[in-house]
J.: 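Here it is, the structure in full.
One-based numbering, in listed order, for ligands and for the atoms of each. Just the heavy atoms: all of them, side chains too, but no hydrogens, waters or symmetry mates, feed the values below.
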Amino acid sequence: MDIAIVGLPRSGKTTIFNAVTRGAAQVAAFSSQTKPNIGVAKVPDDRLQPLVEIFEPAKITHAEVTYVDIPAAPEGLGQSKGISGEYLNQLQRSDALVIVARAFDDPSVPDEGNGVDAVRDIETMLYELTFADLGIIERRLERIRDNLKSAKTTERDRLTREQALFGRLKDGLEEGVSLRRQSLTPDEARQVEGFQFLTNKPVIVVANVGEDDIDKADDIEAELNSKFGGDGVLTAALSGKLEMELSQMDPEDEKEFRESLDAGESGLDRMMSLSYQALDQLTFFTCGPTEVRAWTVTKGVTAPQAAGKIHSDMERGFIRAEVVGYDDMIQTGSMAEARKQGVFRQEGKSYVVTEADVVLILFNV
Ligand SMILES: Nc1nc2c(ncn2[C@@H]2O[C@H](COP(=O)(O)OP(=O)(O)OP(=O)(O)O)[C@@H](O)[C@H]2O)c(=O)[nH]1
Ligand SMILES: [Mg+2]
């Protein structure tokens with residue numbers, strides 16, 4: 001899973017990036033970032049430890065999410081305030097977008113000159129995403145018009161249909177309707193998939209509230225949710241600075257501080273569960289003496305597709321999967337016992353993997 005973090009200058013993108021990746025990229029009161037920061041976050045998962053006790057593996061591997069912290073567009077350049085064309089490709093490649101909006105007051109960090117207003121800034125960023133998509137669509141329509149001039153009859157039909165589709169998407173976007181909210185037939189969805197439109201991606205809107213305002217976080221989150229939530233948009237409110245500081249403590253201290261501050265679930269946990277939700281992901285486990293490992297796949301994938309996540313040979317040469325449900329695995333305490341108690345299942349090619357399955361893939365290449 002690749003998730004890009006975007007937002008206006010000094011909204012706290014890098015601070016939140018550091019919090020979720022436990023990183024130490026430079027944060028600054030005056031915009032200075034010129035390159036994206038890339039970091040990998042291990043997905044915290046309480047279900048791993050009980051499996052580790054059963055299998056006593058040499059190695060434990062968490063699922064991972066890659067976060068890319070995209071610098072804001074240089075100020076005063078061009079029309080765009082939030083998204084620099086330079087990073088459009090990077091955004092297109094991501095599976096989901098996090099929009100960070102400043103909701104903290106801090107005189108030492110200059111704002112854009114018209115005060116702190118998270119809702120306004122989120123609207124600006126959503127508009128930027130729309131604007132980027134319109135650019136892609138307009139270029140495509142131009143191309144279609146050119147091609148139509150010399151197209152053969154068969155080709156002409158296809159191009160005309162595509163022209164109609166893109167024209168419709170453009171009209172929708174111009175009325176402020178994201179591609180997420182435009183109803184596409186499965187066939188149309190396939191046609192636009194390759195363009196990796198930004199307004200077609202799930203979005204997590206994050207208000208970066210001040211460390212003295214964490215008691216207001218729930219209200220802010222509720223407000224954002226009623227304004228922006230639904231249809232692939234999730235919302236959160238957290239204090240980036242506090243989360244970053246907590247993430248740099250050792251785990252025991254972090255836990256203690258978090259409890260004393262009543263800071264609730266960690267920013268990392270919260271972002272992770274939102275990322276999973278946004279991308280409709282589930283986790284399955286592979287377990288053995290060498291490794292206990294968590295894997296992430298899209299909900300609804302079959303056993304061979306899940307196997308392909310581990311290795312393409314496993315998908316190609318898939319024979320069957322041996323599956324034990326997570327609760328059964330913990331209850332029986334060993335594969336042998338799971339077999340004995342009849343909760344060990346042999347599953348074929350059409351088996352749809354479910355949350356927390358413990359899976360062994362048998363394959364032949
Ligand atoms: N008080 C307070 N300051 C914050 C918070 N989050 C970020 N800051 C400060 O705001 C400034 C900008 O933070 P960054 O994380 O660098 O923001 P950014 O969005 O990455 O900025 P650019 O990459 O320059 O666009 C830094 O001085 C941070 O310490 C917060 O929750 N509270
Ligand atoms: Mg930054």
Side-chain angles (χ1 to χ4, degrees), residues 3-39 41 66-78 80-88 90-91 94 97-118 120-122 124-126 128-129 203-221 224 235-249 257-258 261-268 270-271:
I3 298 187
I5 304 176
V6 295
L8 294 182
R10 295 180 303 278
S11 49
K13 300 178 290 298
T14 304
T15 305
I16 287 174
F17 168 85
N18 282 341
V20 295
T21 59
R22 297 185 186 273
Q26 196 198 353
V27 298
F30 294 89
S31 292
S32 56
Q33 191 185 340
T34 54
K35 280 205 188 74
N37 295 307
I38 299 176
T66 302
Y67 286 96
V68 186
D69 163 29
I70 311 275
E75 283 158 283
L77 272 183
S80 169
K81 284 161 99 186
I83 297 173
S84 164
E86 200 183 338
Y87 301 114
L88 187 57
Q90 197 126 24
L91 294 180
S94 335
L97 306 174
V98 169
I99 295 179
V100 175
R102 175 171 178 173
F104 63 91
D105 280 311
D106 186 335
S108 71
V109 182
D111 63 42
E112 296 279 275
N114 28 24
V116 173
D117 182 343
R120 174 201 63 206
D121 292 352
I122 293 164
T124 302
M125 286 307 299
L126 291 171
E128 295 280 339
L129 302 181
V203 170
I204 304 168
V205 163
V206 179
N208 182 13
V209 300
E211 49 283 15
D212 303 325
D213 287 336
I214 40 172
D215 54 323
K216 298 193 194 120
D218 287 347
D219 288 346
I220 295 175
E221 186 166 331
L224 293 186
T235 55
L238 49 87
S239 170
K241 194 169 180 178
L242 182 68
E243 289 295 339
M244 182 174 130
E245 282 163 10
L246 288 168
S247 75
Q248 284 159 359
M249 294 178 173
F257 261 95
R258 205 171 271 290
L261 289 164
D262 205 14
E265 195 184 14
S266 83
L268 171 65
R270 182 99 179 89
M271 290 290 293

J.: Can you name the atoms of ligand 1, numbered from 1 with element, that are less than 4.0 Å from a heavy atom of T14?
T.: 15 (O), 18 (P), 20 (O)

J.: Is there an N/O/S atom in N37 that lies less than 2.8 Å from the Mg ion (ligand 2)?
T.: no

J.: Working note: F104 + V109, criterion side-chain contact (heavy atoms from CB on, under 4.5 Å); need CA distance, chi angles, decisive distance, verdict.
T.: CA-CA 10 Å; F104 63 91; V109 182; 4.2 Å; yes

J.: Relative to the heavy atoms of G240, which atoms of ligand 1 are at a distance of less than 4.0 Å?
T.: 31 (O)

J.: Measuring from atom CG of L126 to atom OG1 of T124, what distance do you get when rounded to the nearest 0.5 angstrom?
T.: 9.0 Å

J.: Using distance alone, determine whether D105 and ligand 1 share an N or O pair under 3.5 Å.
T.: no

J.: Enumerate the atoms of ligand 1 whose separation from the nearest heavy atom of V109 is less than 4.0 angstrom.
T.: 9 (C), 10 (O), 11 (C), 27 (O)

J.: With heavy-atom distances below 4.0 Å as the criterion, list the atoms of ligand 1 near P9.
T.: 25 (O)

J.: Show the nearest heavy-atom pair for residues A207 and A103, with the distance to one decimal.
T.: CB-CB, 4.3 Å

J.: May I ask whether S239 has any heavy atom positioned less than 4.0 angstrom from an atom of ligand 1?
T.: yes

J.: Backbone or side chain, does any N or O of T15 fall under 3.5 Å from an N or O of ligand 1?
T.: yes

J.: Is it true that a side-chain atom of R102 and a backbone atom of R10 form a donor plus acceptor pair closer than 3.5 Å?
T.: no

J.: Taking the side chain from N208 and the backbone from S11, do they hold a donor-acceptor pair closer than 3.5 Å?
T.: yes

J.: Is the backbone N or O of G23 less than 3.5 Å from a side-chain atom of Q248, with the two atoms forming a donor-acceptor pair by type?
T.: yes

J.: Please confirm whether S11 approaches ligand 1 to less than 4.0 Å, judged on its heavy atoms.
T.: yes

J.: Under 4.0 Å from a heavy atom of K13: which atoms of ligand 1 are those, numbered in the order shown and with their elements?
T.: 15 (O), 17 (O), 18 (P), 19 (O), 20 (O), 21 (O), 22 (P), 25 (O)

J.: Does the residue V100 have a heavy-atom contact with ligand 1, meaning some pair of atoms that are separated by less than 4.0 Å?
T.: no

J.: Between D106 and ligand 1, which residue portion shows a heavy-atom distance shorter than 4.0 Å: side chain, backbone, both, or neither?
T.: side chain

J.: Checking the side chain of D69 only, and the main-chain atoms of N37 only, is there a donor and an acceptor separated by less than 3.5 Å?
T.: no

J.: With side-chain contact (heavy atoms from CB on, under 4.5 Å) as the test, would you mind laying out the steps for I99 and L129 before giving the verdict?
T.: CA-CA 10 Å; I99 295 179; L129 302 181; 4.1 Å; yes

J.: Tell me which part of N208 gets within contact of ligand 1: side chain, backbone, both or neither, using heavy atoms under 4.0 Å.
T.: side chain

J.: How far apart are the C-alpha atoms of V209 and K216, what are their side-chain angles, what is the distance that settles it, and do they pass the side-chain contact (heavy atoms from CB on, under 4.5 Å) test?
T.: CA-CA 8 Å; V209 300; K216 298 193 194 120; over 6 Å; no

J.: Distance under 4.0 Å to a non-hydrogen atom of E211: what atoms of ligand 1 satisfy this?
T.: 1 (N), 2 (C), 30 (C), 31 (O), 32 (N)

J.: In terms of atom number and element, which parts of ligand 1 are under 4.0 angstrom from non-hydrogen atoms of V209?
T.: 31 (O)

J.: Are the side chain of K13 and the backbone N or O of L8 linked by a donor-acceptor pair below 3.5 Å?
T.: yes

